[in-house]
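Each chain gets a letter, A, B and so on, in the order its sequence line appears, and its residues count up from 1.
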There are 2 protein chains.
Amino acid sequence: MKLTSKGRYAVMALVDLARFDNINPVSLRDISLRQGISLDYLEQIFYKLKKNEIVKSIRGTQGGYVLNKNPNDIKLTNIFHAVDEKVKTVQCKKESKKGCNGKATKCITHNLWDELEIHINTFFENKSLKDLLNNNKETRV
Amino acid sequence: MKLTSKGRYAVMALVDLARFDNINPVSLRDISLRQGISLDYLEQIFYKLKKNEIVKSIRGTQGGYVLNKNPNDIKLTNIFHAVDEKVKTVQCKKESKKGCNGKATKCITHNLWDELEIHINTFFENKSLKDLLNNNKETRV
DNA sequence: TCTAAACTTGACCATTTTAGTCAGGTATGT
DNA sequence: ACATACCTGACTAAAATGGTCAAGTTTAGA
């Protein structure tokens, strides 16, 4: 169980973006340099963030990205969903007729994984970009 | 973010084991058949569970495995730890002097991942094999 | 107008991890 | 003695990860 770097980078980049977008659009190049994330990889990630209406792009020189919503309304769950970070812990489907392991019944730990997923998702749903911004200010030197 | 099958199988196998070990040791062969998990793979998993003193083995004909503790004292966290299921969400180390991304400071989302880990671990620490047994009884037909 | 900055998009790929299999043991109850 | 069952290491195919590369399009500003 681990988070993939795509989801992690997405959050890092958005926090970075949120700290600067009041004044000007922020270029991926800047984010890349500040956060140490490959520019090409960032482009892939922002392509998805844009499709999911989390950011807007502004083209041309001095262009870049800006948030498309209030930081308070961007929950972590939105971000992860946008970059295809799956929180599914187990592949047994809820509605599958055949049950989990090819048998007729649900596997004996099925309920557990459902519960775990809910637990994790709740955490992500309650956490917004705004929370991270505040948190970061507190711990900055 | 997903759970690996090793951790999942370990929990499934132990729940299965717990339901039968009152009478006799349970052979991996039986668990393999009931849960649809490859015998060879189960052996790998139980090797680790044994090293971590979660189960005991009884050799010879009619041998098998039994729990080494009360189901109430076997927490999910113990099981996952035994089979090397990592809950670490991110590789930035707490004590690393260099910071996370090779820079001098902690990455701006560092605290978030710490918090998430704690959240998940708490869930696993509070969940014992006994809980799963009860839960399973309720939902069985 | 021209050009460079910046976004857009798809294709590709090396490495690592996962989810096992295979093989050849060793121990022990009957 | 022998079948059953545990014990252990080595190996591997397939998938996921974490990117890179290439070839654009769009637009602001000189």
Side-chain angles (χ1 to χ4, degrees), chain A residues 1-13 17 20-21 24-33 35-52 54-66 68 80 83-91 101-102, chain B residues 1-13 17 20-21 24-33 35-52 54-66 68 80 82-86 88-91 101-102:
Chain A
M1 159 112 66
K2 59 171 210 242
L3 226 57
T4 67
S5 76
K6 196 166 283 187
R8 191 159 52 88
Y9 285 169
V11 176
M12 287 172 68
L17 179 55
F20 292 92
D21 83 333
N24 291 311
V26 181
S27 73
L28 292 190
R29 194 177 129 79
D30 287 351
I31 296 178
S32 166
L33 289 174
Q35 302 301 329
I37 304 169
S38 130
L39 177 59
D40 283 318
Y41 204 26
L42 271 181
E43 288 180 346
Q44 275 188 43
I45 291 168
F46 272 76
Y47 173 53
K48 296 184 179 194
L49 291 176
K50 190 190 169 186
K51 270 205 307 192
N52 282 268
I54 291 170
V55 297
K56 277 186 301 197
S57 71
I58 294 160
R59 310 187 73 142
T61 312
Q62 305 300 339
Y65 286 93
V66 289
N68 197 20
F80 287 138
V83 298
D84 301 319
E85 189 83 70
K86 296 176 245 341
V87 179
K88 276 221 80 41
T89 46
V90 159
Q91 75 272 42
N101 28 20
Chain B
M1 159 110 69
K2 59 170 210 234
L3 227 55
T4 67
S5 76
K6 195 167 284 185
R8 192 159 52 88
Y9 285 170
V11 176
M12 288 173 67
L17 178 55
F20 291 94
D21 83 333
N24 291 310
V26 180
S27 74
L28 292 190
R29 195 177 129 77
D30 287 352
I31 297 178
S32 166
L33 290 174
Q35 302 302 328
I37 304 169
S38 130
L39 178 58
D40 283 317
Y41 204 26
L42 272 180
E43 288 182 347
Q44 276 188 45
I45 292 168
F46 272 77
Y47 173 54
K48 296 184 179 195
L49 292 176
K50 191 189 166 188
K51 270 205 305 193
N52 282 267
I54 291 172
V55 297
K56 277 185 301 195
S57 70
I58 294 161
R59 310 188 72 140
T61 312
Q62 305 300 338
Y65 285 92
V66 288
N68 197 20
F80 287 137
V83 298
D84 301 318
E85 189 84 68
K86 297 178 244 341
K88 274 220 81 39
T89 46
V90 158
Q91 75 272 42
N101 28 20

(message) Please report the distance, rounded to the nearest Å, between CZ in A/Arg8 and P in D/dA16.
(response) 20 Å
(message) So B/Tyr9, base contact, sugar-phosphate only, or nothing? Heavy-atom distance under 4.0 Å.
(response) sugar-phosphate
(message) Nearest heavy atom decides the nucleotide; on that basis, is B/Arg59 or A/Leu39 closer to the 5' end of DNA chain C?
(response) A/Leu39
(message) Closest approach to the side chain of A/Ser57, judged atom by atom: which nucleotide of C/dC7, D/dG18, D/dC6 is it?
(response) C/dC7
(request) Figure out the CG/P separation between A/Leu17 and C/dC7, and round it to whole Å. (result) 11 Å
(request) Would you mind telling me which residue lines up with the more 5' stretch of DNA chain D, A/Asp40 or A/Gln62, judged by nearest nucleotide? (result) A/Asp40
(request) Figure out the CD1/P separation between A/Ile37 and D/dG18, and round it to whole Å. (result) 12 Å
(message) At less than 4.0 Å, is any side-chain N or O atom of B/Tyr47 found next to OP1 or OP2 of D/dT8? Yes or no.
(response) yes
(message) Output the rounded distance in Å from CD1 (B/Ile45) to C1' (C/dA19).
(response) 9 Å
(request) Could you pull out the closest heavy-atom pair between B/Val66 and B/Pro25, with the gap in Å? (result) CG1-CA, 3.7 Å
(request) Map A/Tyr65 and A/Gln44 onto DNA chain C by nearest heavy atom, then report which one ends up closer to the 5' terminus. (result) A/Tyr65
(request) By nearest nucleotide on DNA chain D, pick out whichever of B/Lys51 and B/Gly60 is the more 5' one. (result) B/Gly60
(message) Show, in sequence, the C-alpha distance, side-chain angles and deciding distance for A/Lys50 and A/Phe46, and conclude whether the side-chain contact (heavy atoms from CB on, under 4.5 Å) test is met.
(response) CA-CA 6 Å; A/Lys50 190 190 169 186; A/Phe46 272 76; over 6 Å; no
(message) I need the CZ-P distance between B/Arg29 and D/dC6, as an integer number of Å.
(response) 11 Å
(request) Would you please confirm or rule out a distance under 4.0 Å between OP1 or OP2 of C/dC7 and any side-chain N or O of A/Lys50? (result) no
(request) Report yes if a donor N or O on one partner sits less than 3.5 Å from an acceptor N or O on the other, where the partners are the side chain of A/Glu43 and the base of C/dC7; otherwise report no. (result) no
(message) Using whole Å, what does the distance between atom C1' of nucleotide D/dT25 and atom CD1 of A/Ile58 come to?
(response) 17 Å
(message) Looking only at the side chain of B/Ser27 (C-beta and beyond, no hydrogens), which of the listed nucleotides C/dC7, C/dG20, D/dA5 gets closest?
(response) D/dA5
(message) Of the options D/dT20, D/dT26, C/dT21, whose atoms approach the side-chain atoms of A/Ser38 most closely?
(response) D/dT20
(request) Kindly compute the distance separating CD1 (A/Ile31) from CD1 (A/Ile37), expressed to the nearest 0.5 Å. (result) 8.0 Å
(request) Output yes when a side-chain donor or acceptor of A/Ser32 lies under 3.5 Å from a complementary backbone atom of A/Ser38, and no otherwise. (result) no
(message) Quick one, A/Leu28 with A/Glu43, criterion side-chain contact (heavy atoms from CB on, under 4.5 Å). Give me CA distance, side-chain angles, the key distance, then yes/no.
(response) CA-CA 7 Å; A/Leu28 292 190; A/Glu43 288 180 346; 3.6 Å; yes
(message) Please tell me if A/Thr61 has a side-chain N or O lying less than 4.0 Å from either OP1 or OP2 of D/dT27.
(response) no
(request) Answer with base, sugar-phosphate or nothing: what part of the nucleic acid does A/Tyr41 contact at a heavy-atom distance below 4.0 Å? (result) base
(request) Run through B/Asn52, B/Leu49, B/Ile54 and flag the one making a side chain to side chain contact (heavy atoms under 4.5 Å, CB included) with B/Val83. (result) B/Leu49
(request) Nearest whole angstrom, please: distance from the P of C/dT9 to the NZ of A/Lys48. (result) 13 Å
(message) Rounding to an integer number of Å, can you tell me how far B/Asn24 CG sits from D/dC6 P?
(response) 13 Å
